[in-house]
Amino acid sequence: MSKIGEYTILPISIPPTPAYPKHTTHTLYLRLHAPKIPTENDERSLFVVNVPIDSTIAHLRAVFASLIGAGRVEDVTFEHERGYAVPSKEVALVGKASKKRKRGSEGTEDNGVAELPQIWDRELRRSGSTAVVIFVDAKSVESALKAVRKLHKSSKKEKDSNGAWPIWGAGIEGKVPKLGSARYLAHQRLQYPDETVLKMNVDAFMTEFNRMEEERTKREKRMRNVPDEDGFVTVTRGGRTGPARSEEAEQKKAEMAERERKKREELQSAGFYRFQVREQRKAEQGELVRKFEEDRKRVGAMKEKRGRFRPER
């Protein structure tokens with residue numbers, strides 16, 4: 001069986017290890033990458049499910065190199081590394097312009113905070129996690145899926161089908177950090193980085209943190225003692241800023257008076273108060289009575305005129 005639903009099955013051969021000295025087979029599931037938010041790389045990407053826990057970019061490059069040749073994989077992104085989808089060209093242009101307009105405002109702060117030194121030389125994946133493999137072109141994606149289908153056909157003819165599948169980790173010996181005890185020895189060493197490197201990372205982190213705090217303080221200072229459209233003043237931390245100048249106070253007073261006048265006119269025109277509604281109803285009733293009396297007089301005059309005798313001449 002070469003497919004399950006829309007997924008193409010790719011078994012990989014895992015060689016024996018000191019921890020598990022037996023040959024085994026692990027199964028990957030491949031399909032064309034179709035995220036909810038379309039990106040420019042979708043047509044040349046494969047969505048891979050059930051990657052092994054020791055997966056690295058070098059491992060997946062080697063797997064597809066054994067299928068369609070080297071140099072066809074551009075990049076690999078694992079599940080926990082996909083913070084957000086890179087939008088398409090049109091969306092990217094709009095997002096770029098929007099970010100340019102809102103630079104320095106809340107919600108668009110730079111995420112360039114310096115990271116502390118890593119304490120693991122190699123990451124392990126969650127069991128059953130996923131990855132996105134980006135190829136150099138869409139033709140390489142079709143070639144990879146076609147090569148997997150050919151492997152399934154050839155494995156049916158051979159008695160030992162394990163020899164037909166790609167070997168996990170073949171050709172990358174010495175290119176990735178080792179697991180087992182070597183991993184924990186490296187972890188022990190990386191837990192105590194050089195003092196100079198650690199100081200540089202901490203200084204960079206605190207510099208970025210201070211910059212963000214300074215921007216937040218300036219933003220709160222601008223909001224302080226400035227009433228909103230309803231006349232309320234936002235209370236912020238930091239105490240009083242001292243008395244304002246008389247020109248500023250008079251300007252704020254005039255703005256508040258103008259705002260109150262407009263608000264009062266809107267309420268009066270809409271008939272917000274009870275006495276306004278009552279007076280409006282009285283005026284409407286008086287107008288109806290006046291029109292009724294006019295119509296009654298007009299009808300009476302018409303009757304009187306029609307009933308009067310007019311002799312012939």
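As a basis for the values below, the full set of heavy atoms in this structure was taken, side chains included, without hydrogen atoms, waters or symmetry mates.
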### Message
What I'd like to find out is whether the side chain of Ser13 reaches to under 4.5 Å of the side chain of His23, using heavy atoms alone.
### Response
yes
### Task
Could you tell me whether the side chain of Arg125 reaches within less than 4.5 Å of the side chain of Glu79, counting heavy atoms only?
no
### Query
How many angstroms lie between atom CD of Gln188 and atom CD1 of Ile119, to the nearest 0.5 angstrom?
10.5 Å
### Query
Can Glu142 and Lys139 be said to form a salt bridge (charged side-chain N to carboxylate O under 4.0 Å, His left out), step by step?
CA-CA 5 Å; Glu142 296 296 332; Lys139 186 177 179 181; over 6 Å; no
### Task
Determine the minimum heavy-atom distance between Ala34 and Arg31, stating which atoms define it.
N-NH1, 3.7 Å
#### Entry: Electrostatic pair Arg216:Glu213 at N-O distance under 4.0 angstrom
yes
### Message
Between Arg61 (side chain only) and Glu74 (backbone N and O only), is there a donor and an acceptor less than 3.5 Å apart?
### Response
yes
### Task
Kindly give the heavy-atom pair with the smallest separation between Ser45 and Val141, and that separation in Å.
N-CG2, 3.8 Å
### Query
Given side chains that start at C-beta, do those of Leu46 and Val132 come closer than 4.5 Å, heavy atoms only?
no
### Message
Working to the nearest 0.5 angstrom, can you tell me the gap between Ile172 CD1 and His59 NE2?
### Response
3.5 Å
### Message
Taking Asp203 first and then Lys199, would you say they form a salt bridge - that is, a charged N and a carboxylate O separated by under 4.0 Å?
### Response
yes
### Query
Can you find a heavy atom in the side chain of Arg259 that is under 4.5 Å from one in the side chain of Lys262?
no
### Flag side-chain contact, heavy atom, 4.5 Å: Val73 against Ile57
no
#### Entry: Thr77 side, atom OG1; Asn41 side, atom CG - distance, nearest 0.5 Å
9.0 Å
#### Entry: Counterpart residues, salt bridge (charged side-chain N to carboxylate O under 4.0 Å, His left out), relative to Glu294 (two or more places apart)
Arg290
### Task
Please name all residues satisfying side-chain contact (heavy atoms from CB on, under 4.5 Å) with Glu214, sequence neighbours left out, ordered by chain then number.
Lys218
### Task
Go through the side-chain N and O atoms of Thr207 and Asn210 and say whether any donor and acceptor fall under 3.5 Å apart.
no
## Note on the structure
Rounded to the nearest 0.5 Å, the CZ atom of Arg149 sits from the NZ atom of Lys3 at a distance of 7.0 Å
### Contacts of Arg296 that satisfy salt bridge (charged side-chain N to carboxylate O under 4.0 Å, His left out) - sequence neighbours left out
Glu293
### Query
What distance separates Arg298 CZ from Met302 CE, expressed to the nearest 0.5 Å?
9.0 Å
#### Entry: Distance, nearest 0.5 Å, that separates CH2 of Trp165 from OG1 of Thr25
9.0 Å
### Task
For residues Arg72 and Ser143, report the shortest heavy-atom separation together with the two atoms involved.
NH2-OG, 4.3 Å
### Query
Looking only at heavy atoms, which two atoms of Ala62 and Ala170 are closest? And how far apart?
CB-O, 3.7 Å
### Query
Which atoms form the tightest heavy-atom contact between Pro166 and Pro11, and what is the distance?
CD-O, 3.6 Å
Please tabulate, one pair per line, all N/O donor-acceptor pairs under 3.5 Å involving side-chain atoms of residues 47-55, not counting sequence neighbours.
from	atom 1	to	atom 2	distance (Å)
Asn50	ND2	His26	NE2	3.4
Asn50	ND2	Thr27	O	2.8
Asp54	OD1	Trp168	NE1	3.3
Asp54	OD2	Trp168	NE1	3.4
Ser55	OG	Pro52	O	2.6

### Query
Quick check: are there more than 12 heavy atoms from other residues, nucleotides or ligands sitting under 6.0 Å from CZ of Arg281?
no
### Query
What residues, two or more places apart in sequence or in another chain, satisfy side-chain contact (heavy atoms from CB on, under 4.5 Å) together with Glu173?
none
### Task
Looking only at non-hydrogen atoms, find the nearest pair between Ala138 and Arg44 and report the distance.
N-CB, 3.7 Å
### ring pair (Phe, Tyr, Trp, His ring centres under 6.0 Å): pairs with one or both residues in residues 116-146, sequence neighbours excluded
Phe64-Phe135, Trp120-Tyr184, Trp120-His187
### Task
Inspect the surroundings of CD in Glu255 and state if more than 12 heavy atoms from other residues, nucleotides or ligands are less than 6.0 Å away.
yes
### Summary
Tested for side chain to side chain contact (heavy atoms under 4.5 Å, CB included) against Val148, the lone hit among Ile68, Leu30, Leu28, Ile9 is Leu30
